[in-house]
Peer 1: 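Quick one: this structure, given as structure tokens, is what I'll be asking you about.
Lettering of chains follows the sequences in order, A, B, ..., and the numbering in each one begins at 1.
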Amino acid sequence: MGTLVHTLASVPSVGTYAAGLATHEGEAHAATGITAYAWLLIALPLLGAAVLLLGGRRTNKFGPLLATLLSWGAFVVGLLVFIAMLGRGAEDRAQEVNLFDWITAGSFKLSAGLLVDQLSVTFVLLITFVGSLIHVYSLGYMDHKDENGHVHSDPDKRRFFAYLNLFVAAMLLLVLANSYLLLYVGWEGVGLASYLLIGFWNWNPAYATAANKAFVANRVGDFGLSIAIIIMFFHFGAVDFTTVLGEAGSNANEGFMTAIGLMLLLGACGKSAQFPLQSWLGDAMAGPTPVSALIHAATMVTAGVYLVVRSAPIFEAAPTAQLVVVIVGAITLLFGAVVGCAKDDIKKALAASTMSQIGYMMLAAGLGPVGYAFAIFHLLMHGFFKAGMFLGAGSVMHGMNDQVDMRRFGGLSGAMKITWATFAIGWLAILGVPPFSGFWSKDKIIEAAFIGEGWRPWVFGGAALIGAGITAFYMSRLFFMTFQGKKRWTDDVHPHESGKLMTVPMIILAIGSAFLGLILGPTGWFTTWLEPVTGAEPEGAHPVIPVPVLLVLTLLLVAGGAALAWMRYWRDDVPVTAPAGNLMTQAARRDLYQDQVNEALLMRPGIHLTRSLVFADSKGVDGAAGGLAALVGGASSRLRKLQNGFARSYALTMLAGVVAILGALWVMS
Amino acid sequence: MTAMSTVPWLTILGLIPLVGALLVAFVPGSAETAKRMALGFSIVTLVVGIIAATQFDRSSSAQFQLGEQHSWIPQFGVSYALGVDGIALVLILMALVLTPICLLAAWHDVPEEAGPRGGQRAKTYFALLLVLETFMVGVFAATDVFLFYVFFEAMLIPVYFLIGRFGGARRQYAAMKFLLFSLAGGLVMLVAVIALYLQGPGGTDGFLIERLTGLSIDPTTERLLFVGFFLAFAVKAPMVPFHTWLPDAATESTPATATLLVGVLDKVGTFGMIRFCLQLFPEASQWATPVVVVLAVISVIYGALLAIGQTDMMRLISYTSVSHFGFIVLGIFAFTSVGQGGSTLYMVNHGFSTAALFLFAAMLVRRHNSNSKRIGDYGGWQRVTPALAGIFLIAGLSGLALPGLSSFVSEFLVLVGSFSTQPVATVIATSGIILAALYILLMFKRVMTGPKPEELVADGVTVDDHWRKSSGGTTVRDLTTRDKLVAAPLIAAFVVLGFLPNIALTFINPAVDKTLSHVQQAIPSLNPAGTVAEGSSK
């Protein structure tokens with residue numbers, strides 16, 4: 001025990017590998033200035049959630065506005081923290097805020113604190129900015145105008161905003177936590193918010209099921225995260241980033257690191273809807289569309305990528321785990337892309353796309369220092385363009401009586417000009433058309449995937465490259481089916497542009513999708529900014545195919561995919577009922593049979609097991625006990641006749657027994 | 001050793017509810033007055049309990065504090081000896097907090113009957129709950145093995161009447177079953193208690209725990225004694241396969257009784273494992289560990305699977321407890337300070353968590369037309385009673401150990417503390433968190449979500465036709481003031497102990513270290529730090 005205390009006291013030992021990777025963890029200084037108030041980031045939205053939930057109907061009137069203001073308040077704090085960080089030298093930017101002693105039990109000692117570094121601040125800005133925009137958008141989205149022009153608010157609008165605030169608080173805790181255990185609190189906190197919001201209209205049983213499915217799939221991932229943390233404590237005697245990442249970077253045991261890495265990956269797969277835990281994300285579209293934009297596109301589902309990048313020293317010390325990360329990313333990016341090609345529900349197509357894009361990020365994160373910065377860069381860009389497109393989808397649904405079937409859309413470009421224009425920018429961005437944002441992030445990931453030796457660059461690079469072509473096809477399909485071609489509207493819809501509360505956030509996100517990549521990418525600003533956390537890109541690492549060739553190849557594939565979509569979904573008429581399609585299409589429509597597999601392997605055996613156990617418990621285990629009871633009970637029923645009441649007889653028997661035993665003792669002593 | 005106290009705090013704590021019970025039962029007056037009096041006494045007990053806790057020296061490693069000792073039956077070595085260490089103290093405080101909450105929740109459990117003595121049944125009910133509180137204090141505070149046994153058995157009497165007289169349709173059966181299981185366990189323990197005394201030094205205070213600690217008993221006898229104690233505690237806890245009395249007892253008794261039964265009385269089992277099995281028979285405990293750990297893991301998984309399969313809300317909740325007790329036992333028999341500290345904290349948190357589940361579910365049952373406990377008889381109630389649905393979900397989240405709530409801290413400590421000595425068992429038990437999500441969320445879905453039951457009308461909710469339609473029907477009230485008073489302290493406990501668990505852990509840690517040091521004296525190879533032995537690598 002003494003040695004352990006000694007170890008705890010002697011950390012951090014500074015990591016020595018890979019160009020300062022995680023070294024800053026050991027050097028993170030105590031927070032100064034505004035950074036010392038970084039806890040406000042979490043406290044403000046949490047306060048909003050508490051006021052709205054505890055205040056009940058009294059807060060109906062001002063609640064949504066209050067929640068929106070508090071979210072913007074968190075953004076302002078985030079911005080101030082960011083500016084303060086810019087004012088410090090690159091090596092002094094990371095700071096820690098110690099909050100309070102959290103858990104002390106035996107040798108387990110942990111205090112709760114925040115780690116404010118380049119990585120977490122990047123997330124803070126993304127979460128609070130996109131989050132606040134989506135708050136504003138929701139102010140409009142949760143109202144509906146009827147035929148007479150009367151505005152009806154969703155009766156649970158306040159609850160919706162309470163959950164949104166709760167989500168923002170939990171997500172900020174996730175990225176700011178300075179230990180794996182505190183991260184876990186945010187991790188399941190966002191899972192809870194996601195559960196509550198997917199099931200927001202849970203009087204529809206399908207939505208309630210979708211919410212449960214999301215939570216349970218996430219719990220399977222959380223099982224992995226739990227085991228990872230447990231092994232960390234066993235191996236390092238601590239679960240805070242400073243100790244764990246510092247030690248992992250200096251003297252790690254590869255076996256342990258592989259186990260921890262794989263278990264962390266399982267957690268990441270659950271949260272980020274990566275193969276094989278991807279099945280919940282499509283159903284999660286049951287939630288109101290702003291939720292899909294914020295939680296199931298821009299922020300929460302990317303938390304798995306954050307986890308892997310944050311744990312970089314562990315994965316660096318576990319090449320096997322790293323390889324599995326890349327494989328999972330590659331499988332998921334193709335899986336999502338294939339599914340995306342067959343979906344007619346606009347939100348489900350976008351969800352499949354999200355899954356696929358996170359696959360890209362995961363793949364990049366698994367590549368090591370060549371990929372970390374681009375994983376996060378793509379995550380940031382994706383946060384803008386995908387959130388923008390989801391908000392656009394919401395705007396379309398608003399104008400189309402909440403329909404989601406793209407076969408019933410078409411030709412909306414005229415009716416909803418702003419939605420169309422902003423969506424178009426998002427579409428160009430995700431395709432990776434220069435100079436839009438996706439070009440600067442996704443192309444870099446494809447390049448990085450082609451770096452390496454042996455079969456790997458060809459397989460992973462090839463997957464990333466083909467994925468880009470398929471992405472171009474299905475996103476163009478989505479865009480053309482919705483906005484271009486002939487009108488295939490049902491008779492009862494009168495599409496109209498949404499109000500300013502909704503269009504302004506869409507415009508802002510579109511501006512970001514258009515220019516942010518150009519500002520941060522080619523200037524190298526973003527990679528330099530993250531370098532103290534993710535390590536420098538290794539010198540002399542070149543793709544197996546020359547970069548200019550790759551660039552041309554990618555653009556050709558993208559153009560090909562888009563052209564194919566143009567022929568089939570713009571030039572040709574789109575049938576309002578889906579054609580039967582070939583086997584591949586049918587499989588993709590049913591998400592490559594993911595639910596059928598889960599049902600056959602897990603659900604049905606599980607139900608049988610539970611049922612037979614319930615039967616066995618009442619008949620077998622209880623029966624045996626009951627038989628014994630009947631034996632005693634039979635004896636006691638005779639007693640009862642004598643004693644007029646079982647309990648009294650029991651009490652008397654006990655008393656008599658005690659007296660007898662005491663007597664025996666007395667005799668013996 | 002026991003640190004004696006000038007004020008007999010523990011006796012006072014036990015006497016206040018007992019006096020209250022007598023007054024409540026026998027002073028003439030309306031049932032309402034009697035109930036208020038009962039609540040008053042339980043609150044006074046809680047206040048005195050808190051004052052007593054401030055007299056407790058957390059830094060002292062003395063095994064028992066606030067102690068008192070009087071010769072009771074010196075011829076047989078029996079003393080009236082009370083004292084608490086941190087473990088016992090937090091459990092007593094938990095019981096003291098739960099009692100007024102249960103009394104408040106039990107207000108309308110027993111309806112007043114017509115006639116001059118129509119309130120007597122309700123009075124008896126409340127008086128019995130107070131008597132139970134007395135015994136709960138006693139059983140955790142006894143530092144004399146025989147005195148412990150007396151309280152251990154005496155508890156059965158009020159519980160038997162609480163179930164058998166005030167319960168549901170099959171209450172007689174459930175009460176009998178409870179009694180027979182407990183009786184069987186108790187008798188085995190009695191034999192072990194006597195045999196243990198005979199192994200000890202004897203004398204006028206030969207039953208004191210401190211006289212019986214560190215005895216050199218021959219291994220076979222020690223193992224037999226261990227088994228004698230352990231069986232009684234395993235029935236009480238309850239562990240698979242001795243658990244089948246619990247679902248019947250919990251579903252047939254009133255929610256308040258079920259709460260005290262599962263939340264407090266069952267803890268005597270796991271408390272007993274720490275206090276008696278580990279401390280008095282360290283070598284035998286080590287010897288039995290493989291079997292106990294297997295039973296614990298089976299309890300975790302089996303209890304959770306059975307919970308998933310239940311159709312009755314109260315039975316479901318009791319099976320979740322079987323699962324949770326598995327975690328507690330695993331942590332105790334991990335023999336690490338983290339695991340055992342986690343288990344003790346788990347006992348406290350589980351008390352609040354189970355109380356919330358039973359009592360909030362009961363709020364729902366009370367509002368149902370036919371007071372059904374069947375999960376299938378509900379659906380869509382979130383649209384009728386949104387606030388109740390909210391607290392019901394919070395109780396459920398506590399049951400599935402959501403990080404941020406108190407139950408997470410203790411479950412995590414148990415797992416992280418058990419891994420070093422029981423890695424396989426720990427990994428299997430950890431998978432219980434997936435099953436926990438299933439049993440809680442499936443129940444929540446079936447009860448609360450789905451379309452609003454047409455015949456029910458929410459009270460005070462403006463129904464907007466654009467979003468929801470309503471028709472005439474029964475108006476159901478959402479949370480009443482009393483419901484809120486029941487819910488608020490429990491939910492506050494989840495949050496406060498979730499982020500500041502050290503409030504309890506500072507009491508628990510020294511006691512755990514003390515217990516483990518007894519074990520370590522017997523088995524020097526033990527490494528209670530629970531991490532890779534750092535000394536060997538550096």
Side-chain angles (χ1 to χ4, degrees), chain A residues 1 3-4 7 53 56 101-108 144 146 152 154-155 181 184-185 187-189 192 199 202-203 205 208-209 212 215-216 219-220 222-223 226-227 229-230 233-235 237 609-611 613-614 617 621-622 625 629 632-633 646-647 650-651 654 657 661-662 665-666 669, chain B residues 73 75-76 153 157 160 176-177 179-180 183 194 202 241 244 302 305-306 308-309 336-338 341-342 380 382-383 402-404 409 413 415-417 419-420 426-427 430-431 433-434 437-438 441-442 445 449-452 464 466-468 499 501-502 505 509 512 528-532 534-535:
Chain A
M1 202 124 136
T3 52
L4 185 92
T7 326
L53 287 175
D101 284 340
W102 185 17
I103 302 174
T104 309
S107 54
F108 189 93
H144 261 280
D146 65 15
H152 296 267
D154 187 306
L181 202 64
Y184 196 3
V185 175
W187 187 266
E188 283 224 337
L192 170 67
N202 65 16
W203 56 84
T209 305
N212 275 10
F215 198 99
V216 173
R219 267 268 156 149
V220 176
D222 295 350
F223 163 77
S226 301
I227 299 284
I229 300 176
I230 288 166
F233 178 71
F234 176 67
H235 190 65
L609 177 66
T610 325
R611 283 202 187 134
L613 280 183
V614 170
D617 195 64
V621 181
D622 196 27
V632 185
F646 178 80
Y650 168 67
M654 195 180 80
I661 286 153
L662 293 180
L665 280 175
W666 181 65
S669 62
Chain B
I73 318 174
Q75 294 86 335
F76 318 121
E153 295 289 50
I157 296 165
Y160 172 80
M176 184 73 78
K177 194 167 171 183
L179 200 56
L180 288 175
L183 173 66
I194 307 301
T244 57
Y302 186 82
L305 286 172
L306 277 161
I308 293 171
T336 66
S337 54
V338 182
Q382 191 181 343
R383 316 251 42 90
L402 185 86
V409 176
L413 285 175
L415 293 172
V416 86
F419 184 78
S420 59
T426 304
V427 172
T430 306
S431 68
I433 71 168
I434 303 168
L438 278 169
L441 295 182
L442 285 175
K445 177 179 172 256
T449 74
K452 187 175 84 67
D464 186 326
H466 185 77
W467 293 88
R468 286 185 300 204
F499 285 95
N502 285 348
L505 283 168
N509 288 333
V512 166
T531 51
V532 161
E534 298 283 342

Peer 1: Most heavy-atom pairs under 4.5 angstrom with chain A, which of B:Ser431, B:Gly342, B:Pro403?
Peer 2: B:Pro403
Peer 1: For A:Phe108 and B:Leu505, run side chain to side chain contact (heavy atoms under 4.5 Å, CB included): C-alpha distance rounded to whole Å, both residues' side-chain angles, the deciding distance at 0.1 Å, then the answer.
Peer 2: CA-CA 11 Å; A:Phe108 189 93; B:Leu505 283 168; over 6 Å; no
Peer 1: Using a cut-off of under 4.5 Å for heavy-atom pairs, which of B:Gly404, B:Gly380, B:Gly450 has the most such pairs with chain A?
Peer 2: B:Gly450
Peer 1: With only heavy atoms counted, which part of B:Leu305 is less than 4.5 Å from chain A, the side chain, the backbone, both or neither?
Peer 2: both
Peer 1: Please state whether the side chain, the backbone, both or neither of B:Val512 comes within less than 4.5 Å of a heavy atom of chain A.
Peer 2: neither
Peer 1: Anything under 30° is parallel, anything over 60° is perpendicular, the rest tilted; go ahead and classify A:Phe234 against B:Phe419.
Peer 2: perpendicular
Peer 1: Looking at chain B, which one of A:Thr104, A:Leu613, A:Leu192, A:Leu53 has the largest number of heavy-atom pairs inside 4.5 Å, strictly under?
Peer 2: A:Thr104
Peer 1: Count the heavy-atom pairs under 4.5 Å between each of A:Ala208, A:Gly56, A:Gly189 and chain B, then report the option with the highest count.
Peer 2: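 Going by pairs under 4.5 Å, I would pick A:Ala208.
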Peer 1: Run the side chain to side chain contact (heavy atoms under 4.5 Å, CB included) test on B:Val427 and A:Phe223 for me, step by step, so that the C-alpha distance in whole Å, both residues' side-chain angles and the decisive distance to 0.1 Å come before the verdict.
Peer 2: CA-CA 9 Å; B:Val427 172; A:Phe223 163 77; 4.1 Å; yes
Peer 1: Using a 3.5 Å distance criterion without hydrogens, assess whether the side chain of A:Arg219 forms a donor-acceptor pair with backbone atoms of B:Ile433.
Peer 2: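 Flag set: sc A:Arg219 to bb B:Ile433 pair under 3.5 Å.
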Peer 1: Measure the CG-CZ distance between A:Asn202 and B:Arg383 for me, rounded to the nearest 0.5 Å.
Peer 2: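 Output value for this atom pair is 6.5 Å.
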Peer 1: Do you know which of B:Leu442, B:Ile308, B:Leu402 has the most heavy-atom pairs with chain A at a distance under 4.5 angstrom?
Peer 2: B:Leu402
Peer 1: Pick whichever of B:Ala437, B:Gly202, B:Gly341 has the most heavy-atom pairs under 4.5 Å with chain A.
Peer 2: B:Ala437
Peer 1: Which bit of B:Asn502 is near chain A, if near means a heavy-atom gap under 4.5 Å: side chain, backbone, both or neither?
Peer 2: both
Peer 1: Compare every heavy atom of B:Pro451 with every heavy atom of A:Pro205, then report the nearest pair and how far apart it is.
Peer 2: CG-CD, 4.1 Å
Peer 1: Test your reading of the model: is there a side-chain donor-acceptor pair from B:Thr336 to the backbone of B:Gly417, 3.5 Å cut-off?
Peer 2: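 Yes, B:Thr336 side chain to B:Gly417 backbone: donor-acceptor pair under 3.5 Å.
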